[in-house]
Amino acid sequence: MVNPSRTPTTRPLALLTAGTLLGGLISVIAAAPASADVNGDFDNTTPGSTPSGWSVAGGGGDATVQQVPGTVDRSLRLRDTSTNAPVLAGVDFGSTSSTVVAGFRLRAAQTSATIGVHLDGSAGHSVTLAMSAGGRLYTYDAARRVDLGAYTADRWYDIRVVARPSTATADIYVDGERKAEGLAFRTSGTALGRLQAGVSSTDTGTAWVDDVRTTVETNSGNWPYLGSVAPRTARQVGTSDLIIGAETLDRDYTNYQAFAPYLGRLGATSTRLQGGWAKTEKAKGVYDWTWLDRIVDDANGRGVKPWLQLSYGNGAYPGGGGSGLGGKLPTSEEALAAWDAWVTAMVKRYKNRVTEWEIWNEPNLAGIPVADYTDFFVRTATLIRAEQPRAVVYGQEAGIDVPYARDFLTGLAEKGKADLLGGFTYHPYNANPDDAWTYGQVEKLRALLDQYAPGAVLRQGENGAPSRPGSFGALGELDWTELSQTKWVLRRVLNDLGRGISTSVFSISDLHYPSKINSKGLLQTNTDKSIRYAKPSYYAVQNVASLFDRTVRPLPDYAWSASPDASLTVQAFAKRGTGRQIVGVWSGAAKPSEVNTRKSTDLTFTDGDFDDPVIVDVRTGAVHDIPAASWSVQGSRYTFKDIPVYDSPVLIADRSVIKF
């Protein structure tokens with residue numbers, strides 16, 4: 001969020017690389033951007049020139065925008081050719097005592113030069129992320145050097161620094177993983193105003209800087225800062241109802257190997273994959289499972305269970321059906337026999353590694369008559385159960401098409417095949433993630449399942465929001481930024497979890513469709529589908545994954561009131577065993593905004609259960625104490641004063657249930 005006292009600008013904040021240790025480095029400073037969707041990728045800067053707003057100093061070389069070797073990408077190159085002078089480049093963002101979040105990518109052309117990036121205050125370098133001449137990434141905890149592991153030459157590193165002048169501490173993330181937290185500032189000071197990058201005066205070498213993004217997060221009053229939510233890997237989480245989408249690998253619109261390191265670090269414990277008949281059987285009767293074996297085994301190894309969708313068709317067969325989004329079912333006898341053989345072979349191959357299956361993608365949007373889909377579901381589910389009797393098999397429709405779902409379920413019942421259905425999924429795309437109509441339709445779906453297939457699971461199977469305007473697919477016609485995407489995803493996920501619905505975030509990585517990029521990914525991509533950086537939404541979902549595993553249960557019909565009256569959404573949860581609560585609260589009745597203006601709100605929970613309450617901003621992960629003067633309790637009635645509520649979820653939670 002931008003500091004409201006500062007004039008917004010779209011110019012990115014620059015990176016600092018030099019340190020006292022480095023003998024001076026490039027300084028880059030820019031005004032605080034208006035939102036998290038600031039793109040400092042330098043692609044529109046003329047090669048050979050200095051980016052607008054940047055200054056270059058040091059005299060040891062040059063700092064200009066250049067094309068990265070072997071790519072079409074332009075980045076800021078720092079080239080030091082002197083052994084007695086540094087090269088520096090810098091930009092100011094204005095003095096602020098609020099939290100500064102700085103994201104950037106950093107790359108060294110060698111492992112024999114010291115390169116650094118700093119956030120500076122008036123006293124000098126407050127936070128440093130550096131690459132040593134010995135091939136190590138490192139930072140500082142006050143004056144103590146902290147090793148962060150080895151780095152490799154000619155490889156980009158996705159860096160995120162969260163610096164808090166109010167506590168003079170910082171957290172550092174590398175490639176989506178929190179490497180250090182609560183680091184003490186290197187120099188004293190209550191404000192930050194500069195981001196700087198550079199190459200040491202005693203070394204020669206080249207560094208590249210790109211995708212510089214900064215935001216300023218207004219501090220929530222004067223409540224004591226306790227820490228930030230601790231990310232947990234999928235293995236550490238164990239089980240949850242949070243799913244991450246990894247769709248379109250069957251059509252090579254994303255690259256699994258590129259996003260795999262981020263997958264387990266996110267914390268979601270299941271992933272949705274499309275099985276890819278056409279990719280596996282390119283020649284009739286010949287299966288190449290190599291691509292899918294690698295994905296299924298790697299995901300399982302990271303603690304993320306694959307949920308496999310059986311789709312689409314295969315053009316190798318006449319009447320083989322469509323092999324992409326909106327594709328029709330196979331229809332010819334030859335194609336259907338080949339489908340049966342592929343399904344049987346797939347389930348036989350993966351039955352010890354995959355337990356959940358989904359049949360086709362969005363049949364109603366593809367114009368497939370419900371009777372045809374019902375027959376196809378029965379055909380396919382029967383094959384699955386023959387090989388894997390305890391498999392959970394999902395049927396599906398797009399949007400929330402209650403009539404289609406009703407006709408599908410009644411058709412199954414009439415055939416006496418409702419027992420084949422283990423679950424039903426839907427894809428609700430709405431600009432307002434709190435849309436009351438949506439959840440009214442969800443309750444109708446739930447009632448139908450209870451009537452025709454008792455015990456079947458209702459799942460939100462695919463949903464997300466773009467991170468920029470002009471995106472391919474659902475909601476792409478609206479203006480989006482990385483900030484509004486983050487808020488939207490959090491609200492949808494907590495709405496679902498609060499209603500006991502397992503929920504999937506679409507998707508882990510931006511998707512490169514033939515005509516346009518679908519920017520619903522939590523990871524920004526390059527043109528070759530490699531990962532550029534983790535968006536703010538990635539870190540926000542990481543917070544959800546850490547907090548909401550299956551040791552937490554939803555509390556439906558939770559009683560609450562607010563003053564002043566406002567359009568609020570409240571979703572409540574309790575820790576199994578202790579009963580201690582987590583209550584999510586947010587405002588807004590439409591698409592999330594591009595500002596983070598908070599409104600002081602008093603909240604009362606009639607049946608609360610808190611011993612030591614704290615407040616958590618799910619988007620940022622910041623955890624603050626709620627002072628004794630700001631809350632009171634009478635029996636089970638809890639009242640909280642001056643809670644800073646806005647259009648992104650904040651949690652009032654018992655400290656015992658928050659991992660930080």
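Note that this is a predicted model, so its numbers are computed, not measured.
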Before giving the answer on side-chain hydrogen bond (donor to acceptor under 3.5 Å, both in side chains), spell out for R164 and Y225 the whole-Å C-alpha distance, their side-chain angles and the decisive distance to 0.1 Å.
CA-CA 10 Å; R164 305 177 188 86; Y225 173 76; 2.9 Å; yes
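- To the nearest 0.5 Å, the span separating CG on L249 from OG on S507 amounts to 8.0 Å.
- A donor-acceptor contact shorter than 3.5 Å links the side chain of Q460 to the backbone of N463.
- For the pair Y638 (side chain) and F610 (backbone), a donor-acceptor distance under 3.5 Å is present.
- Between F605 and F640, the angle of the ring planes lies from 30° to 60°, which puts this pair in the tilted group.
- The closest side-chain heavy-atom distance from S648 to T620 is not below 4.5 Å.
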Dump the intermediate steps for side-chain contact (heavy atoms from CB on, under 4.5 Å) on R655 and I658, then the final yes or no.
CA-CA 5 Å; R655 188 189 293 225; I658 303 298; 5.8 Å; no
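- Side chain of S126 to main chain of D120: no donor-acceptor pair is present (N/O by atom type, distance under 3.5 Å, no hydrogens or angles).
- Formation of a donor-acceptor pair under 3.5 Å by the K591 side chain with backbone atoms of D479 is found in this model.
- Taking CZ of F660 as the reference point, atom OG of S546 lies at 11.5 Å (rounded to 0.5 Å).
- At least one donor-acceptor pair closer than 3.5 Å links the side chain of W488 to the backbone N or O of A431.
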Determine, step by step, whether R619 and S537 satisfy the side-chain hydrogen bond (donor to acceptor under 3.5 Å, both in side chains) criterion, reporting the C-alpha distance in whole Å, the side-chain angles of both residues, the deciding distance to 0.1 Å, and the verdict.
CA-CA 8 Å; R619 183 177 62 84; S537 56; over 6 Å; no
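- Side-chain N/O atoms of S467 and E482 include no donor and acceptor closer than 3.5 Å.
- In this structure, the side chains of Y157 and D175 come closer than 4.5 Å at one or more pairs of heavy atoms.
- Using a 3.5 Å distance cut-off with no hydrogens or angles, the side chains of T218 and N596 do not pair a donor with an acceptor.
- Both the sub-6.0 Å distance and the 45° axial angle are satisfied by R459 relative to the ring of W307.
- Here the straight-line distance linking atom OG of S97 with atom CG of L192 works out to 9.5 Å at 0.5 Å rounding.
- In plain terms, the two heavy atoms of A405 and E397 that are nearest each other are CB-OE2, 4.4 Å.
- Across every non-hydrogen atom of L490 and P649, the tightest pair is CB-CD, 3.8 Å.
- With contacts defined as side-chain heavy-atom distances shorter than 4.5 Å, the pair V505/I243 does not qualify.
- Evaluation of the salt bridge (Lys or Arg N to Asp or Glu O under 4.0 Å) test over residues 498-513, restricted to residues two or more places apart or in two chains, returns R468-D510, D510-K535.
- Residues Y262 and D158 have side chains that bring a donor and an acceptor to within less than 3.5 angstrom of each other.
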Pair W560, L568 - check side-chain contact (heavy atoms from CB on, under 4.5 Å), show working.
CA-CA 10 Å; W560 61 276; L568 299 181; 3.9 Å; yes
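- No side-chain donor-acceptor contact under 3.5 Å links D647 and S587.
- Expressed to the nearest 0.5 Å, how far CG of D654 lies from CD1 of I582 amounts to 9.0 Å.
- In the model, K575 has a side-chain atom that pairs as donor or acceptor with a side-chain atom of T551 under 3.5 Å.
- Judged by distance alone, the side chains of T525 and H512 do bring a donor and an acceptor atom under 3.5 Å apart.
- Residues S519 and P466 share a closest heavy-atom pair of OG-CB, 3.4 Å.
- Under the 4.0 Å criterion applied to side-chain N and carboxylate O atoms, D73 and R532 are assigned as salt-bridge partners.
- Atoms CG and CD1, on L106 and I159 in that order, are 6.5 Å from each other to the nearest 0.5 Å.
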As a quick check of understanding, evaluate side-chain contact (heavy atoms from CB on, under 4.5 Å) for R491 and W586, giving each step before the final call.
CA-CA 8 Å; R491 285 162 55 175; W586 61 93; 3.4 Å; yes
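- V209 has its side chain out of reach of R105: every pair of non-hydrogen atoms, C-beta onward, lies at least 4.5 Å apart.
- Using a 4.0 Å cut-off between charged nitrogen and carboxylate oxygen, D617 and R598 count as a salt-bridge pair.
- Between the side chain of D549 and the backbone N or O of S240, no donor-acceptor pair lies under 3.5 Å.
- Within the cation-pi definition used here (under 6.0 Å to the ring centroid, within 45° of the axis), R213 qualifies as a partner of Y533.
- Side-chain atoms of S98 and E217 include no donor-acceptor pair closer than 3.5 Å.
- Not counting sequence neighbours, the partners of F472 by the ring-ring contact (aromatic ring centres under 6.0 Å, His included) test are Y513.
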Between Q571 and Y558, is the side-chain hydrogen bond (donor to acceptor under 3.5 Å, both in side chains) condition met? List the steps.
CA-CA 8 Å; Q571 295 293 349; Y558 192 75; over 6 Å; no
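- Scanning both residues, P627 and P224, for their nearest heavy atoms gives CG-CD, 4.2 Å.
- If you check the side chains of D434 and N495, you find a donor sitting under 3.5 Å from an acceptor.
- A donor-acceptor contact shorter than 3.5 Å is absent between the side chain of K520 and the backbone of Q485.
- Residue T503 comes nearest to D496 through the heavy atom pair OG1-OD2, 2.7 Å, listed as atom of the first residue, atom of the second, then distance.
- Here the straight-line distance linking atom CG of N255 with atom OG of S509 works out to 8.0 Å at 0.5 Å rounding.
- Contact annotation: the side chain of V614 approaches that of L226 to within less than 4.5 Å [non-hydrogen atoms, C-beta and beyond].
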Could you go step by step and tell me if W54 and T45 meet the side-chain contact (heavy atoms from CB on, under 4.5 Å) rule?
CA-CA 12 Å; W54 292 65; T45 302; over 6 Å; no
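- Residues R232 and N543 have side chains that never bring a donor and an acceptor to within less than 3.5 angstrom of each other.
- No side-chain donor-acceptor contact under 3.5 Å links Y173 and R265.
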With side-chain hydrogen bond (donor to acceptor under 3.5 Å, both in side chains) as the criterion, how do Y429 and E462 come out once you've worked through the C-alpha distance, each side chain's angles and the decisive distance to 0.1 Å?
CA-CA 9 Å; Y429 284 97; E462 178 196 303; 2.7 Å; yes
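- Considering all non-hydrogen atoms of both residues, G176 and Y538 come closest at O-CE2, 3.8 Å.
- S75 and D210 share a side-chain donor-acceptor pair at under 3.5 Å.
- Salt-bridge formation is not detected for the pair R74/D43: no Lys NZ or Arg NE/NH1/NH2 atom is positioned less than 4.0 Å from an Asp or Glu carboxylate oxygen.
- In terms of modelled atom types and a separation under 3.5 Å, the side chain of Q441 and the main chain of T438 share no donor-acceptor contact.
- The neighbour count for R550 CZ, taken as heavy atoms of other residues, nucleotides or ligands under 6.0 Å away, is above 12.
- Under the 3.5 Å distance criterion, the side-chain polar atoms of D642 are left unmatched by any main-chain donor or acceptor of D602.
- Within the 4.5 Å cutoff, the side chain of Q274 has heavy atoms near those of the T248 side chain.
- With hydrogens and angles ignored, the 3.5 Å screen pairs no side-chain donor or acceptor of N526 with any backbone N or O of D528.
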